[in-house]
Amino acid sequence: MYVDSHCHIHFPELRARLPELLAHMDERGVSHALTVCVELAELPAVLEVASLAPNLFASVGVHPDYEKTEEPSIETLIELARHEKIVAIGETGLDYYRLTGDLDWQRERFRVHIRAARQCGKPLIIHTRQAAADTLRIMKEEGAEAVGGVMHCFTESLEVALEAMELGFYISFSGIVTFKKATALQDVARKVPLERLLIETDSPYLAPTPYRGRTNEPAYVAYVGEQIAALKGVSNDEVATQSTKNFFKLFNILK
Ligand SMILES: [Zn+2]
Ligand SMILES: [Zn+2]
């Protein structure tokens, strides 16, 4: 069985189809999914969805791309993270692709998330885009190693993956790894050990081949898993079993 370690099924377009999405997960052998919070205002929706089924989990955090949104404090994040469905802090991190200019606030927000994660003992879900050096530097400065976490929707180099793994982080691959032209990323996926690897959809975005360009959903994580298996020359079962084991270990979930 596969697990979708990162999706946004509380977004209205997916939330409206939830029973169908859960049925598709079942059909494709996807046993669990983690729906990831991107701003505090949507947390009630995140928790409402996660509470509908025992195989759904949630996180709390504010995405680096959200400028005009309630800024979280360490105390707020810790308080909200006490909910039994919340297994992680995030998604948080740095994104110099979508936003430019003075991004001090983004780095400060990232630090707040790491401090909150350390204080409540929950792992981090980290988003990094065109900001790998600063992301790793802040992870080190703030001692993110103490809680670990996942570099989600990984698109960076092997060097960045190795540095993150040294800090105890997992590397999560999305549908991007199934795209024909993503040969550099496919090479990274070949080299990340299965013991450090997670798979995700980041749905509704980034549907894998053969659904590229359409609305993504958790069931499609099976295509990501199959691609990882093909790249590594191992069985689908092996990828499913190990990545699922990694998920439960990282997020401290007792099955
Ligand atoms: Zn992200
Ligand atoms: Zn996301």
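Counting starts at 1 for both ligands and their atoms, in listed order.
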The Zn ion (ligand 2) to nearest N/O/S of H6 less than 2.8 Å: yes
Would you say the Zn ion (ligand 2) has H63 as a near neighbour, meaning an N/O/S atom of that residue under 2.8 Å away? no
Minimum-distance atom from the Zn ion (ligand 2) among N, O or S atoms of D202: OD1
Using only N, O or S atoms, tell me which atom of E91 is closest to the Zn ion (ligand 2). OE2
Lys/Arg N to Asp/Glu carboxylate O, R15 vs E48, below 4.0 Å: yes
Can you tell whether the side chains of D65 and R98 come within less than 4.0 Å, N to carboxylate O? yes
Tightest non-hydrogen contact, residues I199 and I228, listed as CG2-CG1, 4.2 Å
Metal proximity, H127 vs the Zn ion (ligand 1), N/O/S cut-off 2.8 Å: yes
Check whether E200 reaches the backbone of F173 with its side chain - one donor and one acceptor, N or O, closer than 3.5 Å. no
Checking ring-ring contact (aromatic ring centres under 6.0 Å, His included) for the pair Y211/Y220: CA distance, chi angles, key distance, verdict? CA-CA 9 Å; Y211 295 105; Y220 297 169; 4.1 Å; yes
